[in-house]
Amino acid sequence: MSNTETELKRLIVDTLALEDIDAADIDSSAPLFNGGLGLDSIDALELGVAIRKQYRVKIDAEQDDVAQIFSSVAALAQFIDSARS
Amino acid sequence: MAYPFIIRRWSAWAPGVQTQDDWQQFAAGRKPPDHQAPPPLQSTPKPLQRRLSPLAKAAMFVVEQCLAPGEQMPAVFSSSHGEIGKCLDMLNDLQQGEELSPTAFSLSVHNAIAGLFSIAYANRCEINCVAPGAGGLGPGLIEALGLLHSGYGEVLLVYYDEVLPDFFPATGFAASLPFPCAAALRLTLDGPGLALEFSPTSSTRQDGDQPLQLPAFIEFLAADRSRLHLGNGGRGWQWQKL
């Protein structure tokens, strides 16, 4: 598991106040929305802002494949790593 | 003109003061509020709970004491200033060029707690929100009585307010509670319960020691007192136990 994935799990738990979830228990390949962690569209916006602040990476709803990027922690980490490199 | 009504059940919270016995102790001057957070919520869904501010948790706590899970009835939410601390935080973020939290922004309206209540209870009945400012408790009750007189059998009335942040001038602008406070009243026009009569008065007699009046009203409910006068700015309200 990449460092970014580990960081992202902590970011998700902290940003979205998922008090009952241990970051280490989040499955990197599980869907974040529609099942999985049960996050909703406000959470997606909140995560987008947190990622912009922490990684200086902007997810562009017009150009990027947002559904794919947010499909799992692994996909999100991959997008962030490639956008930063 | 006096308007009779019945409180079928009530619940109130201030830090560390949350049972009827606590409020009787509070009324007797033996239980000053401390700094405790509201107790854990029982029936509000977990994913919703993480969106609740401490004040919203307090409001939902008192609602849970009065309403069974999924129980439906029209409601009135009355708060002089709402979640004003959260709004001030957002304004400070904007001033510093920070991006706003979408979650905080989505819940920054005066009816946000009422909205979360409607989701938690899947409540499809009418809900009104009142921002009475220094008008205190009268306007919310008038709204609730209006709903009862228009034919609803029961109405839930929820009051909540927090301590105004220091940013706001204490005089000439706004009134603050000395501690956060929330109360839920389950109202009806007949049947068992605590029978009261409410009347607007021109008297400005003030039995409460602060302008937002909520702790004074709860104290009146809990204590062995028959009458309460609350006045503000030339307008007054009177409650009489029947």
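Just so we're on the same page: letters track the sequence lines, and every chain starts at 1.
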Measure up the F26(B) and W23(B) rings against each other and bin them: parallel (under 30°), tilted (30 to 60°), perpendicular (over 60°). perpendicular
Interchain contact, D43(A) with chain B, by part (heavy-atom threshold 4.5 Å): both
Side chain to side chain, T4(A) and V73(A), heavy atoms closer than 4.5 Å: no
Residue from K46(B), E98(B), R51(B) scoring the most non-hydrogen pairs under 4.5 Å with chain A is R51(B)
Please identify, among E19(A), R52(A), E46(A), the residue contributing the most non-hydrogen atom pairs under 4.5 Å to chain B. E46(A)
Residues S29(A) and D27(A): side-chain donor-acceptor under 3.5 angstrom: yes
Measure S106(B) against the heavy atoms of chain A and call it side chain, backbone, both or neither at under 4.5 Å. side chain
Apply the test side chain to side chain donor-acceptor pair (under 3.5 Å) to residues K57(B) and T44(B): give CA-CA distance (whole Å), side-chain angles for both, the deciding distance (0.1 Å), then the verdict. CA-CA 10 Å; K57(B) 280 191 176 137; T44(B) 304; over 6 Å; no
